[in-house]
Amino acid sequence: MQDSSGVKESLKQMVKDSKQELSVNPTASTGKCVISSAGWSECKSPITKAACNKQKGPGVTVKWYKDESC
């Protein structure tokens with residue numbers, strides 16, 4: 001499981017991946033992504049669904065909400 005610093009690193013990667021996806025596909029849907037691990041939860045928007053789901057892993061859960069913001 002990740003701690004708060006792991007969640008923050010995942011958020012940074014998610015933002016980077018989302019920006020990259022939007023540069024290739026500017027019409028991609030964006031929304032908010034809530035990432036949770038070991039009692040820590042963070043929300044970031046606007047994030048693409050693919051970038052959000054990419055951060056899912058052992059001990060890490062993500063939820064993406066279309067057209068919403070944190």
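Side chain of Trp64 to main chain of Ile47: a donor-acceptor pair is present (N/O by atom type, distance under 3.5 Å, no hydrogens or angles). A donor-acceptor distance shorter than 3.5 angstrom exists from the side chain of Ser18 to the backbone of Thr48, with no hydrogens or angles considered. Ser69 places no side-chain N or O within donor-acceptor distance of the main-chain N or O of Ser45, the cut-off being under 3.5 Å.
Taken together, Cys33 and Cys43 fail the criterion of an SG-SG distance shorter than 2.5 Å.
Here the closest non-hydrogen pair linking Leu11 and Glu42 is CD1-CB, 3.3 Å. Across every non-hydrogen atom of Lys54 and Asp17, the tightest pair is CD-OD2, 3.3 Å. Here the closest heavy-atom approach between residue Ser41 and residue Val34 is recorded as OG-CG1, 3.5 Å. Residues Gln13 and Gln55 approach most closely at CG-NE2, 3.6 Å, considering heavy atoms.
Residues that satisfy the salt bridge (charged side-chain N to carboxylate O under 4.0 Å, His left out) test with Lys49, not counting sequence neighbours, are absent from this structure. Qualifying salt bridge (charged side-chain N to carboxylate O under 4.0 Å, His left out) partners for Glu68, counting only residues two or more places apart in sequence or in other chains: Lys32.
For the atom pair NZ (Lys44) and NZ (Lys12), the distance works out to 10.5 Å, reported to the nearest 0.5 Å. Within the model, atoms NZ of Lys8 and CD1 of Ile35 stand 12.5 Å from one another, a figure rounded to the nearest 0.5 Å.
Under the 4.5 Å side-chain contact rule for hydrophobic residues, Tyr65 and Leu22 do not share a cluster.
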